[in-house]
Student: 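Got a structure for you, questions after.
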There are 2 protein chains.
Amino acid sequence: MNLVTIAQASAITGVSAKMIRHYESIGLIKAPMRTENRYRHYCEAELHELGFIRRSRDLGFSFEDIRQLLSLWRDKARSSAEVKAIALRHVQDLDQKAAALEAMSRTLKRLAATCHGDDRPDCPILDALDPPAEAISHSDP
Amino acid sequence: MNLVTIAQASAITGVSAKMIRHYESIGLIKAPMRTENRYRHYCEAELHELGFIRRSRDLGFSFEDIRQLLSLWRDKARSSAEVKAIALRHVQDLDQKAAALEAMSRTLKRLAATCHGDDRPDCPILDALDPPAEAISHSDP
DNA sequence: CTTGACCTTCCCATGATGGGATACCCATAT
DNA sequence: ATATGGGTATCCCATCATGGGAAGGTCAAG
């Protein structure tokens, strides 16, 4: 049967014991068997699911996405189109977030390039963070 | 003097009233004047700081970074090197996060490309999320 | 029998932001 | 004068994924 404790399940799947209990509490996985001591014991199928979850997390899927992916994974009669749709939606999300980070990075690199970075106080980076005065004093009609 | 209420400060600086109060509570900005009604009133210098904070947030700086940037900004005798160091450290962080997101996106795009995405159940995406069986059954010494 | 290494549950924290409840202050319309 | 509506104040709770830690139970080895 190959039943393992939560620490062993953690070591095997790479999911922390804390997170395993958490996944159970939010219903992402179902409650496992307990020994008489009320210790959780996991069987291979459950370890498999935990491994699945960890890989999904590694790819940045949210719990909500993972919930759906797990359900499709368990369903032998699923359509691959549903899985692909979830994945592609996530790809869009990832690309959008990456683009936002890169835009920030580009701006900062440009500013840093024109900052001499020595003991003098004048700094184009701080200047760029400085809001234009009109935006503020323009508020007294 | 040009004193404005928190809603006006929010409209001018683009920082929500909720966040303005929050910034105050965590000591990022100092507590503003109050009228007899205990309403907060902001002067131009304070609006300026809020605008500075919003722009910093737009560039993805954390509150801790902003705390330092604000302190340098207020310090007329600062060295631009300190500002540049914070900015470049943040650039590294942004690039690293963007790279991580892109790696996920690449993997998913590759998997999705080989998934036919129709009514059939076999799906390379789910296969990739499936942990190898050895990793699991390998746990019975 | 103690020590140490597990396990359990429960509460709290993060970071940035929003939602909502309750109560107060004020101006305008009835 | 009062009802209505809108701004404000404080406080608590929620998010998302994760971890820290306390308090107490269980077990094997020394």
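To find a chain, count down the sequence lines: A is the first, B the second, and so on, and within it residues start at 1.
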Student: Could you tell me how far apart Leu28(A) (CG) and dA17(D) (C1') are, to the nearest whole angstrom?
Tutor: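 Roughly 12 Å, once rounded to whole Å.
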
Student: CD1 of Ile66(A) versus P of dC16(D): gap in Å, rounded?
Tutor: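 Computing the Ile66(A):CD1 to dC16(D):P distance gives 13 Å.
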
Student: Measure CZ/Arg54(A) against P/dT18(D) and give the value in whole Å, please.
Tutor: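 It works out to 11 Å between those atoms.
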
Student: Distance check, rounded to the nearest 0.5 Å: Lys109(A) atom NZ versus Leu94(B) atom CG?
Tutor: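 Nearest 0.5 Å value for the NZ-CG distance: 8.5 Å.
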
Student: Can you tell me if the side-chain N/O atoms of Arg34(A) get under 4.0 Å from OP1 or OP2 in dT9(C)?
Tutor: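 For dT9(C), OP1 or OP2 has a side-chain N or O of Arg34(A) closer than 4.0 Å.
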
Student: Quick one: is dC24(C) close enough that its OP1 or OP2 comes under 4.0 Å of any side-chain N or O from Arg38(B)?
Tutor: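 For dC24(C), OP1/OP2 do not have a side-chain N/O of Arg38(B) under 4.0 Å.
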
Student: Rounded to whole Å, please give me the gap between NZ in Lys97(A) and C1' in dA16(C).
Tutor: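 After rounding, the gap between these two atoms is 14 Å.
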
Student: Going by atom types only, do Ser80(B) and His116(A) share a side-chain donor-acceptor pair under 3.5 Å?
Tutor: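 Yes, a side-chain donor-acceptor pair sits under 3.5 Å.
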
Student: Which of these nucleotides, dA16(C), dC7(C), dG18(C), is closest to any side-chain atom of Ser16(B)?
Tutor: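 Within the option list, the nearest is dG18(C).
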
Student: For the side chain of His22(A), starting at C-beta, report the closest nucleotide among dT17(C), dT18(D), dT10(D).
Tutor: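 Side chain of His22(A) sits closest to dT18(D).
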
Student: Find the distance Glu36(A):CD to dC27(D):C1' and express it as a whole number of Å.
Tutor: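 Whole-Å distance recorded here is 12 Å.
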
Student: Are Asn37(A) and dC27(D) close enough that a side-chain N or O sits under 4.0 Å from OP1 or OP2?
Tutor: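 Affirmative; the distance criterion is met.
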
Student: Does OP1 or OP2 of dC10(C) have a side-chain N or O of Arg21(A) closer than 4.0 Å?
Tutor: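 Negative; the distance criterion is not met.
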
Student: For a quick test of reading the model: is some side-chain N or O of Tyr23(A) closer than 4.0 Å to OP1 or OP2 of dT18(D)?
Tutor: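 Checking dT18(D) against Tyr23(A), a side-chain N or O does come within under 4.0 Å of OP1 or OP2.
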
Student: Among the nucleotides dT17(C), dA16(C), dA17(D), which one has an atom lying closest to any side-chain atom of Ser62(B)?
Tutor: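 Nucleotide nearest to Ser62(B)'s side chain: dA16(C).
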
Student: Kindly point out which of dG19(D), dA17(D), dG7(D) is positioned nearest to the side chain of Lys18(A)?
Tutor: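 The answer is dG19(D), which lies nearest to the side chain.
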
Student: Of the listed nucleotides (dT8(C), dA17(D), dT8(D)), which one gets closest to any side-chain atom of Tyr39(B)?
Tutor: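 Of the candidates, dT8(D) comes closest.
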
Student: For the pair made of CD1 in Ile26(B) and P in dT14(C), what is the distance, rounded to whole Å?
Tutor: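 About 11 Å, once rounded to whole Å.
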
Student: Rounded to the nearest 0.5 Å, what separates atom CD in Glu82(B) from atom CG in Leu69(B)?
Tutor: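 The CG atom of Leu69(B) is 10.5 Å from CD of Glu82(B), to the nearest 0.5 Å.
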
Student: Can a side-chain donor-acceptor contact be found between Ser105(A) and Asp95(B) if the only test is distance below 3.5 angstrom?
Tutor: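 Yes - a donor-acceptor pair under 3.5 Å links their side chains.
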
Student: Output the rounded distance in Å from CZ (Phe61(A)) to P (dT18(D)).
Tutor: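 Roughly 15 Å, once rounded to whole Å.
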
Student: Quick one: closest heavy-atom pair of Val15(A) and Leu50(A), and the distance?
Tutor: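 Looking at all heavy atoms of both residues, the closest pair is CG2-O, 3.7 Å.
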
Student: In this structure, how many angstroms lie between the P atom of dC24(C) and the CD1 atom of Ile6(B), rounded?
Tutor: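 About 20 Å, once rounded to whole Å.
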
Student: Would you indicate which nucleotide in dA17(D), dG25(D), dT8(C) comes nearest to any side-chain atom of Arg40(A)?
Tutor: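 For the Arg40(A) side chain, the nearest candidate turns out to be dT8(C).
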
